2 protein chains.
Amino acid sequence: MAENTDRAGRSASQTVKALLELRELILGGELRPGDRISELAIVERLGVSRTPVRTALVRLAEEGFIEEIPSGGFAVKGFSERDVFDAIDLRGLLEGMAARLAAERSLSAGDLAPIRDVLAATDALIAEAGDNEEFFSGYVALNGRFHEMLWALSDSPVVVRQIERVSALPFASHNGFVMAQSAAGEARTILAVAQDQHRCVVDAIEAREGARAEALMREHARLASRNLRTVLRNRTRMDLVKGGSLIR
Amino acid sequence: MAENTDRAGRSASQTVKALLELRELILGGELRPGDRISELAIVERLGVSRTPVRTALVRLAEEGFIEEIPSGGFAVKGFSERDVFDAIDLRGLLEGMAARLAAERSLSAGDLAPIRDVLAATDALIAEAGDNEEFFSGYVALNGRFHEMLWALSDSPVVVRQIERVSALPFASHNGFVMAQSAAGEARTILAVAQDQHRCVVDAIEAREGARAEALMREHARLASRNLRTVLRNRTRMDLVKGGSLIR
DNA sequence: TATTTCAATAATGTATACATAATGAATACA
DNA sequence: TGTATTCATTATGTATACATTATTGAAATA
């Protein structure tokens, strides 16, 4: 049972193992849209019995990666280009609500300090670093921290839960197109705009400008839409988009 | 296996049976927030083996009615009053997006005819009927038809899916407080306002006024918030709210 | 050659057995 | 009397066996 452990080193359940590995198989493109998922094939492949595989399949269906076949079993789901645009828009809408709530609900004095730290760290990263892949993976981490902290500022479990659901589709998430964008010439410009939007949202929250905070996050998601449009024009960079194989 | 059939008379799976009955147990208040759900107790109660019960529990967890206990198993989830307000707000936001998409995406000529039929039928119902319970259950049906048709007009599976997820919590759904409202004096007024909003949304969609359609649906959800506030002031009508026992 | 039928095969849905981890009660001890 | 510890009980996670339903392929017929 050596490799059957989670990141913290604790032994992970077979169900979690099946869930993670199945998700990778789907997102990595080994299981293609429309493919029926044979439980026994997965059992052989993952070395886990049918029960946890089944549980993982139910979870993945709820997450939106697969769908029930009327005659039984599951098949990998595919997404139209418009589906992806809609999902990104949806995320902007929900993150906009989170930002508005953060602005409307009175915060204690120091509540914005941590997210401002992330802003500063991102500034430093952009100022210092070059164009290499290390830079972009650093950005991905900071960007993720920013978004998750913003969600938390809404202080609304219901909203956070909903955002997480939409963001489960990786191409709809806040980091969905960062790596693809990294290979584009306009990358630095878009990054600068994104960072400015981040800062403006925090300012708006601090100033209790709910409507502005909401509008900013909705527009912020449009950056992802633009990246998506670019990638769709020339699909060569699509393999940098996690789950890109699900987009038809 | 006589009673193990769905509404259409076909034999339903044990999993579906477990899902439906468990949902009823939770929404009906027989399983209270914080209660741990013992699989074996459910097995005895529903006459179904552990496997389908387990599948149903995973589904219910994804729907948001129950949550995983760190030490294993599931417990019934509770919702704060603010959670419920947030969920209603969220629904308004998402239905607003659906309305906006409907307005923005060019519709064929007759696409709005069916939803206008529902408007007309609701007009007729309001004009003719009294205050009895039959009237309100008729209204619930027509109201449900209206909302579902509106979702469909967005022509966006991703958005519809998300709306359905939020509306899975019955007190966040479009019919969540209609029955509770029926016992209030101001019921007719609120109904008239709601119907006017419905009509205005359809008009806005026809006129391609996306922003207006969105704003109207967001405000429309506020009617539910107001009903919720009324019910919370005097909890005697809370038993008319499905799942009201989950609100602490 | 295309189509339909039928049988063999495989897949899913369900039940259940087993192992391990968690809970609670009773007892020993301070 | 209160607290800690041990042990019995129970619950969950997992594997697997079984029955029923779907699917595939071959053979027969038009």
Side-chain angles (χ1 to χ4, degrees), chain A residues 1-6 8-23 25-26 30-62 65-77, chain B residues 1-6 8-23 25-26 30-62 65-77:
Chain A
M1 255 191 220
E3 71 260 35
N4 186 14
T5 54
D6 64 13
R10 297 172 308 229
S11 73
S13 70
Q14 301 294 77
T15 300
V16 171
K17 180 184 174 185
L19 184 64
L20 296 177
E21 300 200 21
L22 265 171
R23 196 150 44 196
L25 286 177
I26 294 170
E30 300 199 57
L31 297 172
R32 306 196 65 79
D35 282 0
R36 181 170 193 164
I37 299 183
S38 159
E39 289 178 9
L40 291 180
I42 302 298
V43 164
E44 278 191 37
R45 196 152 182 176
L46 304 188
V48 162
S49 83
R50 276 184 67 206
T51 306
V53 167
R54 204 141 228 292
T55 306
L57 289 174
V58 172
R59 286 217 151 91
L60 287 170
E62 300 288 337
F65 294 110
I66 62 181
E67 56 192 346
E68 273 190 77
I69 299 175
S71 63
F74 297 89
V76 180
K77 214 157 149 183
Chain B
M1 261 196 216
E3 73 260 33
N4 184 14
T5 53
D6 64 13
R10 297 171 309 230
S11 73
S13 71
Q14 301 295 78
T15 300
V16 170
K17 179 184 174 185
L19 184 65
L20 295 177
E21 300 201 20
L22 266 170
R23 197 152 38 199
L25 285 177
I26 295 170
E30 299 199 55
L31 298 172
R32 305 195 66 79
D35 281 1
R36 183 171 191 162
I37 300 184
S38 160
E39 290 177 9
L40 291 180
I42 303 298
V43 163
E44 277 191 38
R45 196 153 183 174
L46 305 189
V48 162
S49 83
R50 275 185 66 209
T51 306
V53 167
R54 203 141 228 290
T55 305
L57 288 175
V58 172
R59 286 217 151 90
L60 288 170
E62 299 288 336
F65 293 110
I66 63 181
E67 57 192 344
E68 272 190 78
I69 298 174
S71 64
F74 297 88
V76 179
K77 214 158 152 183

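Because the structure is a prediction, the values reported are computed rather than measured.
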Atom CD of Gln14(B) and atom P of dT16(C) are separated, to the nearest Å, by 11 Å
Would the base of dA15(D) count as contacting Thr51(A) through its side chain, where contact means a donor and an acceptor less than 3.5 Å apart? yes
Do the side chains of Gln14(A) and Val48(A) get nearer than 4.5 Å, heavy atoms only? yes
On DNA chain D, more 5' by nearest nucleotide between Leu40(B) and Thr15(A) is Leu40(B)
Whole angstroms only, please: what is the CG-C1' distance between Leu57(A) and dT12(C)? 11 Å
Quick one: do Glu62(A) and Lys77(A) make a salt bridge, cutoff under 4.0 Å? no
Rounded off to whole Å, could you give me the CD1-to-C1' distance for the Ile69(A) and dT23(D) pair? 12 Å
Heavy atoms under 4.0 Å, any strand shown: does Ile37(B) hit a base, just sugar-phosphate, or nothing? sugar-phosphate
Rounded distance (Å) that lies between atom P of dA11(D) and atom CD1 of Ile42(B): 12 Å
Separation of atom NZ in Lys17(A) from atom C1' in dA15(D), rounded to whole Å: 14 Å
Hey, could you give me each pair passing side chain to side chain donor-acceptor pair (under 3.5 Å) that has a residue in residues 41-50 of chain B? Not counting sequence neighbours. Glu30(B)-Arg45(B), Glu39(B)-Arg50(B)
Closest heavy-atom pair and its distance - Val76(B), Ile66(B): CA-CG2, 4.1 Å
Would you kindly give the CZ-to-P distance between Phe74(A) and dA11(C), to the nearest whole Å? 16 Å
Here's a test of your reading of the structure: between Val48(A) and Ser38(B), which maps to the more 5' nucleotide of DNA chain D? Ser38(B)
Nucleotide dA10(C), atom P - distance to CZ of Arg50(A) in whole Å: 15 Å
Do any side-chain nitrogens or oxygens of Ser71(B) fall under 4.0 Å of OP1 or OP2 in dT12(D)? no
Length of the CD-P vector between Glu68(B) and dA22(C), whole Å: 14 Å
